[in-house]
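Written below as structure tokens is the structure these notes are about.
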Amino acid sequence: MERGADARVTVHETLAARVLIGPGACDLVADEIARLGERRVLLVATPSAGTAAGRIADALGSRLAARFDRPAPHTPVAVTARAMAVAEDASADCVVAIGGGSAIGLAKAVSARTGMPQVAVPTTYAGSEMTPVLGETEDGVKTTRRDPALAPGMIVYDPVLTLSMPSGLTLTSAMNALAHAVEALWAPDATLVTDALATEAVAGILDALPEVLDDPSGLPGRGRLQSAAWLAGVCLAQTRMGLHHQLAHVLGGAFDLPHAELHTMLLAHVMAFNLPWAPEASARLNRAAGPDPVAAVAGLARRHKGPTRLSALQVPRDRLREVAERVVAAPYPNPRPPDVDAVTELLDAMW
Ligand code: NAD
């Protein structure tokens, strides 16, 4: 998304992707590959998706060139090198990823090096399958690139694959998706399209998530939650994220903290911080979440059985100011310009 040469003109660009969504969609992957005309598939899967990956492998039959079952978080280049060697040995010319963002990131990394078309079958709500973004790590340093060619051309959402998510992962992963939608609402490059998608995503997640937490094996709720997360993923792809994502990145990088749990912890605090500076986002959140969106999100975060405070993650209180200084030194676009005192106070409240 960008501004046109005339500042009053918005430019909205949509990535080309074919999306299949619904119970049983996973069983159509082999037919979709046949449709692509691709014959030799590298199947990347996380162990959590082993059973479904086995079904896809069986359905692919002779189109299956090789499997790679060890993706890792944050796409380490050493893991990608191993997957590349497997793909080359098997002469693969297409990559299918089934699993969370780690599996999908690895497929993006393989595709970036080979030009192979990708099919993503997400089993969490992280949203990577919708984005043209790849973050890779080498020697502890993460670099991120953005290129439309990195986005999978086909995405297969099957809510049945999400039934196995434990409730902790369900909650934190859905809060991660919710954060994409909320930040899209106050993004400087928000458009009518992203506003509409983000509002619908927030309403969908807040509606479906409590139902799914109460009844994790209920397929209709799982389906609604996955649909809302899809929209949130589009928001992540099309807008620039703000203070919430910056804090998640800076804190996560500095103290090696779990990404989705951080999102869960941060979101209500950052909403309370930003919303007085973001009246249009506030109005949309009121429509989607009722009169007190901060309380609605905080209430969901409190259902987390894992750590809900920075202190519980062993973040030293005396280093919060340093985090705030790093944020303020090169801030992501945010409706409320962050200053060191205010961000330290925000972090202290989370501590
Ligand atoms: P993940 O893929 O690492 O999965 C987390 C854990 O959940 C793993 O142990 C996995 O095996 C398990 N799991 C996944 N699906 C499951 C299911 N249905 N049932 C039971 N267990 C399941 O984590 P994630 O949160 O999905 O993704 C995080 C990764 O994705 C990070 O590396 C992050 O940087 C990346 N990411 C990238 C983008 C992007 O746009 N490039 C966007 C979001 C996330």
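In listed order, ligands and their atoms are each counted from 1. Since this is a predicted model, take the numbers as computed values, not measurements.
- For atom 5 (C) of ligand 1, the closest non-hydrogen atom of the protein is L169 CD1, 4.5 Å.
- With a 6.0 Å radius and a threshold of 12 heavy atoms from other residues, nucleotides or ligands, R70 has its CZ atom at or below the threshold.
- Considering both main-chain and side-chain atoms, L161 comes within under 3.5 Å of ligand 1 through a nitrogen or oxygen pair.
- Regarding atom 19 (N) of ligand 1, its nearest protein heavy-atom neighbour is S164 OG, 2.8 Å.
- Side-chain contact, R40 with S91: no donor N or O sits under 3.5 Å from an acceptor N or O.
- The shortest separation from a heavy atom of M165 to ligand 1 is under 4.0 Å, placing the residue in contact.
- Where the criterion is an N or O separation shorter than 3.5 Å, residue side chain and backbone included, G101 meets it with respect to ligand 1.
- If you look at K108 next to ligand 1, the close heavy atoms, those under 4.0 Å, all belong to the side chain.
- Ion pair R39/D93 not flagged as a salt bridge, since none of the NZ, NE, NH1 or NH2 atoms sits closer than 4.0 Å to an Asp/Glu carboxylate oxygen.
- The protein heavy-atom contact nearest to atom 10 (C) of ligand 1 is S48 OG, 3.6 Å.
- For atom 41 (N) of ligand 1, the closest non-hydrogen atom of the protein is V133 O, 2.9 Å.
- Protein heavy atom in closest approach to atom 15 (N) of ligand 1: T123 OG1, 2.7 Å.
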Would you be so kind as to tabulate the donor-acceptor pairs closer than 3.5 Å made by side chains of residues 22-30, with sequence neighbours excluded?
from	atom 1	to	atom 2	distance (Å)
D27	OD1	R55	NE	3.2
D27	OD1	R55	NH2	3.2

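- Residues R317 and E322 are not paired through a salt bridge, judged by the lack of any N-O separation under 4.0 Å between the basic side chain and the carboxylate.
- Annotation: cation-pi geometry not satisfied between R82 and F68 (NZ/CZ under 6.0 angstrom from ring centroid, within 45° of ring axis).
- K142 and T75 share no donor-acceptor pair across their side chains, judged by distance under 3.5 Å alone.
- Side chain to side chain, S217 and R222 fail the donor-acceptor criterion of an N or O pair below 3.5 Å.
- Applying the ring-ring contact (aromatic ring centres under 6.0 Å, His included) definition to pairs two or more places apart or across chains, those involving residues 316-335 are H249-Y332.
- The shortest N/O to N/O separation between H180 and ligand 1 does not fall below 3.5 Å.
- Side-chain contact check for H12 and T10: no donor-acceptor pair (N or O, by modelled atom type) lies under 3.5 Å.
- Scanning all protein heavy atoms for the shortest distance to atom 43 (C) of ligand 1 gives A126 O, 3.3 Å.
- Of all atoms in ligand 1, numbered sequentially from 1 with element shown, those under 4.0 Å from a heavy atom of K142 are 34 (O).
- Closest to atom 3 (O) of ligand 1 among all protein heavy atoms lies S102 OG, 2.6 Å.
- Residue contact check: G100 has heavy atoms under 4.0 Å from atoms 2 (O), 26 (O) of ligand 1.
- Hydrophobic clustering (side-chain heavy atoms under 4.5 Å, transitive across Ile, Leu, Val, Met, Phe, Trp, Tyr) groups L285 together with V294.
- For atom 8 (C) of ligand 1, no protein heavy-atom neighbour is found at a distance under 4.0 Å.
- Heavy atoms of L163 found under 4.0 angstrom from ligand 1: none, in either backbone or side chain.
- Looking at H263 against ligand 1, nothing comes within 4.0 Å, counting heavy atoms.
- The shortest N or O to N or O distance between T124 and ligand 1 is below 3.5 Å.
- In this structure, atom 40 (O) of ligand 1 lies nearest to the protein heavy atom T131 OG1, 2.6 Å.
- Assignment of M130 to the shell around ligand 1 is not supported, since no heavy atom sits closer than 4.0 Å.
- Between R240 and E183, none of the side-chain N atoms (NZ, or NE/NH1/NH2) sits under 4.0 Å from a carboxylate O, so this pair counts as no salt bridge.
- When ring centroids are compared, H263 and H245 come within the 6.0 Å threshold.
- Distances between N or O atoms of T75 and those of ligand 1 include no value under 3.5 Å.
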